[in-house]
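These notes concern the structure reproduced below.
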Amino acid sequence: MKYEHLQIEKKWQDFWINNKTFRTPEIDELDKSKPKYYVLDMLPYPSGDGLHVGHPEGYTATDIISRYKRMRGYNVLHPMGWDAFGLPAEQFALKKKINPKVGVEECVKRFRSQLQALGFSYDWDREVNTTDEEYYKWTQWMFLKLYNSYFDDNVNKAKPIEQLEIPEGLDETGKAKYVDSQRLAFISESPVNWCPELGTVLANEEVPEQIEKGFTVVRRMMKQWKLRITKYAQRLLDDLEELHWPENIKKLQYNWIGRSDGATVRFEIKGSDGKNRSIDVFTTRPDTLFGATYMVFAPEHKIIPEIVSDGQKEAVQKYIDEASRKSDLERAELSKDKTGVFTGAHAINPASGIEIPIFISDYVLMSYGTGAIMSVPGHDERDMEFAVKFGLDIIPVVTPAEYKDVAFKKIRTEEGEIIISGKGLEKMLNGEAKEFNNYCEEIKKGKTSFTGEGYSINSGFLTGLPTAEAKEKMIKWLEEKGIGKRSTNYRLRDWLFSRQRFWGEPFPLVHFEDGRIKALKEEDLPVRLPVVSSYTTSKTGESPLSLIEDWLYTSDKDTGEKVKRETNTMPQWAGSCWYYLRYIDPKNGEIFCDIEKEKYWMPVDLYIGGSEHAVLHLLYARFWHKVLFDLGYLTTREPFNVLFNQGMILGEDGVKMSKSRGNVINPDDMIREYGADSMRMFEMFMGPLEATKPWSTEGIAGLHRFLSRVWRLVIDDRTGEINSKIVDEEPSDEQKKMLHTTIKKMTRDIEDGDMKFNTSIAQMMIFVNEMYKMEKVSKEIVEQFVLLLSPYAPHISEELWQRLGNNESLAYHKWPEYDEALTKAEQITVAFSVNGKVRSKRSVDADLSEKDLEQLAFDDVSVNKHIFGKNIVKIIVVKNKMVNIVVK
RNA sequence: GCCCGAGUGGCGGAAUUGGUAGACGCGCAGGACUUAAAAUCCUGUUGCCUGUAAGGGCAGUAUCGGUUCGAUUCCGAUCUCGGGCACCA
């Protein structure tokens with residue numbers, strides 16, 4: 001009987017499902033003496049196109065690890081589920097005029113059967129779907145937790161809102177307002193990325209993707225729900241340290257959070273009305289304060305109307321109007337050419353005391369820092385560009401270290417040591433400081449700006465100090481004078497959490513007619529989506545839910561008042577923020593996850609997925625996890641201990657797979673033709689898991705050939721019986737050595753965590769090639785090999801295991817152990833080289849002494865040829881490796 | 001512009017982290033089996049030069065330079081490609 005992959009794979013897939021082979025027992029049934037291992041895949045979005053070849057890559061890797069860990073005696077949790085809310089399902093539904101639920105159900109069915117056809121060892125009893133009411137009930141519950149919590153800056157953690165201390169002297173509305181301003185989930189009028197074609201706002205993170213798809217994104221002010229992730233910026237940064245994640249992903253998150261250290265500085269403003277005002281700015285270079293020659297405010301800054309002079313009113317208003325129409329993208333695209341308008345107002349530089357003009361310009365962002373900056377054109381490229389365009393003063397206040405000796409001088413006087421710089425020094429040096437003077441001239445003329453660190457010049461009490469010290473001294477000075485302080489800023493913004501879509505989790509909130517908002521109680525959950533056969537978009541920017549009046553209006557449970565439901569829905573990220581917790585306790589009706597179970601299984605020991613989630617999903621999930629931890633629902637601070645990113649699989653032409661290119665490979669075809677085992681093996685054999693690599697259909701055929709060779713090694717093709725060369729005898733030394741070498745290589749490859757399964761497969765191929773050369777092969781050896789193969793190609797392994805006379809599934813059979821002594825070769829090839837060039841090789845006994853090796857090298861004919869008539873300078877002998885003779 | 005990552009045969013990739021470059025697979029070439037083909041099995045396969053042959057020589061891991069007895073591996077500079085961020089003060 002030939003290797004019939006279709007038949008064999010179906011047989012074992014049915015077996016595993018019917019016997020619930022991979023069911024992970026409930027916590028009380030578990031053997032707690034065994035270690036636990038939680039292997040997680042990033043849950044897929046079940047798209048209409050079905051699985052693509054990229055999915056099985058990561059899933060095969062986690063499946064290999066899961067199967068290996070089971071054989072190693074671990075309690076393994078390896079679940080799968082569906083992230084099914086979101087745009088694609090919704091748009092499909094709108095086009096087909098159906099409820100998205102219908103489409104999703106079909107996609108899930110297809111995905112599930114495709115995954116089962118690959119023989120993945122998921123515990124299907126724990127399957128979750130983010131769009132199930134019983135699931136999103138808890139997503140809503142978590143939103144309520146966020147809504148009903150605040151962040152206590154003193155202890156740096158979230159607390160229930162009841163514990164919030166409310167400032168005295170507020171009336172009821174004032175109190176309510178204050179509480180609302182502290183919630184982790186809050187509503188705010190803010191500029192959003194509005195996409196007219198999709199009829200929704202997008203998170204900053206989602207913008208590039210939609211623009212790539214050809215949609216337009218513009219800025220628009222809207223009332224939006226946000227989550228206060230910025231409060232967690234520092235903890236998200238700090239805890240990154242302890243995670244075993246790829247360095248590049250850590251770096252990506254690090255940059256995304258974007259911590260900047262510096263100071264806030266208060267500037268007094270001389271408004272045209274003569275009133276006293278002041279404004280804070282943030283700077284990372286307080287040491288350059290003496291060089292601040294003008295200020296720039298973001299066009300959206302609230303103070304502008306107060307300070308603008310009558311003469312400039314019109315021009316300023318015009319500029320503000322124009323800026324408000326531009327999207328962030330347009331603002332960035334037009335960045336090459338700086339624009340701006342003088343407000344007519346001035347501020348006082350607190351260090352130099354000089355009066356400086358205030359401008360507005362859209363290169364200053366309202367959403368970062370205080371929305372206003374001090375401009376130091378000499379030492380910031382953007383400020384320089386602006387200063388040149390508007391003819392503003394430029395003062396060099398930092399010199400590169402190379403001019404240190406001529407930029408300032410310490411002079412002893414009767415009063416002690418003083419430092420001089422600037423004009424006086426120039427004269428004193430009498431032309432000696434030519435290069436330094438050139439540098440200053442270049443800056444003053446606006447030809448260049450120096451943004452690096454160096455030494456302060458022209459800076460009063462800072463002059464002569466290196467940048468780091470100057471920063472410190474300035475901060476101290478500001479704090480003493482009470483006009484500034486040390487401060488930190490993050491690039492991370494609060495998470496825009498609402499979408500004007502139908503297909504998402506409804507917010508558990510209602511609005512009263514007077515504008516009050518009320519959060520529902522836990523027992524009111526879930527707030528179900530309306531059951532409609534189809535629906536349309538509103539075109540106004542509101543969610544389609546706003547048109548479904550039966551659903552929209554309801555009455556308040558307590559007062560019976562007529563209320564309107566919140567019509568926004570949550571973004572797709574919401575459901576995937578906590579799914580890994582639901583797997584642990586998927587049927588629990590009391591709580592999203594029992595804390596005892598969480599304590600046992602968390603954190604995730606291995607998490608594999610694509611790097612496209614490096615900053616979004618992985619940051620959001622960490623944030624939610626920390627909130628739940630703070631509120632006492634979890635025992636772990638971080639969810640994912642080890643993370644690994646699989647690389648992308650490109651088309652056979654080496655380019656990203658896409659329908660338009662026609663280079664998409666359908667996994668179904670591959671499984672039919674070559675089998676799931678071949679598919680799994682090939683995807684692991686292509687190269688290291690993290691590498692981006694092109695698909696090769698000839699390659700998968702090669703792996704099918706290998707599995708056929710394995711099959712024929714054990715089974716006689718014609719009779720279907722065990723091959724006559726498999727004998728029930730003690731294995732030969734040669735066979736033992738091959739087997740133990742293979743066990744060693746494969747065990748190490750898995751244990752080291754590098755996910756380089758390609759070399760393990762190569763080792764299996766070497767093993768099989770060797771066995772083919774032998775006339776007889778011990779059955780014991782073959783059985784051990786089948787166990788080694790089983791995590792990679794489980795179907796053929798189970799089949800061969802059974803045919804070799806084993807009644808039980810090998811899924812929980814002990815992983816083979818290796819004997820180090822048996823992996824050692826008796827004969828080793830050593831190289832003899834002269835001056836580093838290999839001249840000869842020779843097989844010698846292993847562990848031969850260095851002296852003997854040296855002697856053998858000198859006996860060698862080729863070596864002699866190359867050292868003849870030369871002086872021997874040095875001899876290097878490396879045991880079991882080589883001898884190098886250095887001659888002159 | 002800034003931050004990551006990577007450059008090794010015709011192709012995917014190995015190389016115990018400073019010690020025999022090219023494991024394993026694909027492709028290709030040759031042979032065996034076959035009436036023939038497929039399948040299968042075996043052999044060869046970095047390039048150039050040289051030899052009838054066994055063999056021998058030279059070059060070679062993006063480029064240039066350095067450290068070293070010895071460098072794909074370490075250091076410096078450059079180039080190319082991929083990914084991320086992008087007026088964040």
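The model shown is predicted, which means the values in this text are computed figures rather than measured ones. In what follows, chains are A, B, ... by sequence order, proteins preceding strands, each numbered from 1.
Among B/A14, B/G19, B/C87, the nucleotide with an atom closest to any side-chain atom of A/Lys338 is B/C87. Of the candidate nucleotides B/A14, B/C85, B/C4, B/C4 has the atom lying nearest to any side-chain atom of A/Lys251. Across B/A89, B/G25, B/A14, the shortest atom-to-atom separation from the side chain of A/Leu703 is found for B/G25. With B/U20, B/C24, B/G12 as the choices, the nucleotide that has an atom nearest any side-chain atom of A/Thr829 turns out to be B/U20. In this structure, the nucleotide among B/A15, B/C24, B/A59 sitting nearest to the side chain of A/Ala762 is B/C24. Across B/A89, B/G13, B/C26, the shortest atom-to-atom separation from the side chain of A/Pro688 is found for B/G13. Residue A/Ile373 has its side chain nearest to B/A89 when only B/A89, B/G13, B/A39 are considered. Checking B/G19, B/C85, B/C87 against every side-chain atom of A/Arg491, the shortest atom distance belongs to B/C85.
Atom CD1 of A/Ile649 is separated from atom P of B/G12 by 15 Å (rounded to the nearest Å). Between the CD atom of A/Glu612 and the P atom of B/G5 there is a distance of 20 Å, given to the nearest Å. Atoms CD (A/Glu4) and P (B/A39) sit 17 Å apart, rounded to a whole Å. The nearest whole Å value for the distance from the NZ atom in A/Lys693 to the C1' atom in B/A6 is 14 Å. The interatomic distance linking A/Asp752 (CG) with B/A15 (P) rounds to 10 Å, in whole Å. Atoms CD (A/Glu381) and P (B/A86) sit 18 Å apart, rounded to a whole Å. Summarising the geometry, the separation between CD on A/Gln763 and C1' on B/A15 is reported as 14 Å, rounded to the nearest angstrom. Atoms CG (A/Asn884) and P (B/A71) sit 10 Å apart, rounded to a whole Å.
Residue-level contact check: A/Met882 touches the bases, meaning some heavy atom is under 4.0 Å from a base atom. Looking at heavy-atom distances under 4.0 Å, A/Asn489 makes no contact with the nucleic acid at all. When heavy atoms are screened at a 4.0 angstrom cut-off, A/Thr692 is found touching the sugar-phosphate backbone but no base atom. No contact: A/Arg748 has no heavy atom under 4.0 Å from any strand. Using a 4.0 Å heavy-atom cutoff across all strands shown, A/Gly369 reaches no nucleic acid atom at all. If you check every strand for non-hydrogen atoms under 4.0 Å, A/Asn255 touches sugar and phosphate atoms only. Among the protein residues, A/Ile876 comes within range of the nucleic acid bases, having at least one heavy atom under 4.0 Å from a base atom. Contact annotation for A/Arg839: backbone-only contact, meaning every heavy-atom pair under 4.0 Å involves sugar-phosphate atoms and none involves a base.
Ring geometry for A/Phe386 versus A/Tyr294: interplanar angle under 30°, hence parallel rather than tilted (30 to 60°).
Under 4.0 Å is where a charged nitrogen must lie from a carboxylate oxygen, and between A/Asp653 and A/Arg661 at least one such pair does. Taking the charged nitrogens against the carboxylate oxygens, A/Lys693 and A/Glu57 do have a contact shorter than 4.0 Å, which makes a salt bridge. In summary, A/Glu820 and A/Lys744 engage in a salt bridge, as defined by a charged side-chain N under 4.0 Å from a carboxylate O. For A/Asp362 and A/Lys338, the salt-bridge test fails: no basic side-chain N is under 4.0 Å from an acidic carboxylate O.
A cation-pi arrangement is absent between A/Arg491 and A/Tyr368, since the terminal nitrogen or guanidinium carbon is not both under 6.0 Å from the aromatic centre and inside a 45° cone about the axis.
Between the A/Ser449 side chain and the A/Gly446 main chain, no donor and acceptor come within less than 3.5 Å of each other. A/Asp852 places no side-chain N or O within 3.5 Å of a backbone atom of A/Leu848 that could act as its donor or acceptor partner.
Between A/Arg842 and the phosphate of B/U20, there is no side-chain N or O to OP1/OP2 separation shorter than 4.0 Å. An OP1 or OP2 oxygen of B/C26 is reached within less than 4.0 angstrom by a side-chain nitrogen or oxygen of A/Arg705. A close approach under 4.0 Å does not occur between any side-chain nitrogen or oxygen of A/Lys881 and OP1 or OP2 of B/G19. A/Arg718 has no side-chain polar atom (N or O) that falls below the 4.0 Å cut-off from OP1 or OP2 of B/U40. Look at A/Lys837 and you'll find a side-chain N or O under 4.0 angstrom from OP1 or OP2 of B/A59. In this structure, A/Ser696 does not reach the B/G25 phosphate: none of its side-chain N or O atoms is under 4.0 Å from OP1 or OP2. Contact annotation: A/Asn769 reaches the phosphate of B/G25 (side-chain N/O to OP1 or OP2, under 4.0 Å). In terms of phosphate contacts, A/Arg712 brings no side-chain nitrogen or oxygen within less than 4.0 Å of OP1 or OP2 of B/A39.
When the C1' atom is used for both B/G30 and B/G83, the distance is 44 Å, rounded to whole Å. Across B/A37 and B/C49, the matching C1' atoms stand 41 Å from one another, rounded to whole Å. Here the separation of B/A71 from B/A15, taken at their C1' atoms, is 13 Å to the nearest Å. The C1' atoms of B/G12 and B/U16 are separated by 22 Å, rounded to the nearest whole Å. B/G13 and B/G65: their P atoms are spaced 29 Å apart (whole Å). Taking the C1' atoms as reference points, B/G7 lies 11 Å from B/U72, given to the whole Å. Across the C1' atoms, B/C33 and B/C41 are found 8 Å apart, a figure rounded to whole Å. Atom name C1', nucleotides B/A21 and B/G76: the rounded distance is 24 Å, in whole Å.
The pairing partner recorded for B/G5 is B/C81, the criterion being a Watson-Crick or G-U wobble arrangement whose two distances lie under 3.5 angstrom. Of all nucleotides present, only B/G31 satisfies the Watson-Crick or G-U wobble test against B/C41, with each distance under 3.5 Å. Figure legend. B/G65 is base-paired to B/C75; pairs are counted as Watson-Crick or G-U wobble with both atom distances under 3.5 Å. Under the Watson-Crick or G-U wobble criterion, with both distances below 3.5 Å, B/G25 is paired with B/C11. In a base pair of the Watson-Crick type (N1 to N3 plus N6-O4 or O6-N4) or a G-U wobble (N1-O2 and O6-N3), with each distance short of 3.5 Å, B/A89 is matched with no nucleotide. Summarising the base pairing, B/A59 is matched to B/U46 through a Watson-Crick or G-U wobble pair whose two defining distances lie under 3.5 Å.
Within 6.0 Å of NZ in A/Lys485 there are 12 or fewer heavy atoms belonging to other residues, nucleotides or ligands.
Across the interface with RNA chain B, nearest-nucleotide mapping of A/Tyr368 and A/His866 shows A/His866 to be the residue nearer the 5′ end. The nearest heavy atom of RNA chain B to A/Val838 and to A/Gly687 marks one nucleotide each, and the one closer to the 5' end goes with A/Gly687.
When side chains are defined from C-beta on, A/Leu643 counts as touching A/Asn645, because their heavy atoms get closer than 4.5 Å.
Syn is the glycosidic conformation of B/U17, whose angle stays within 90° of 0. Syn is the conformation of B/G9, whose glycosidic angle sits no further than 90° from 0.
Residue-to-nucleotide contacts include no donor-acceptor pair under 3.5 Å from the side chain of A/Asn248 to the base of B/C4.
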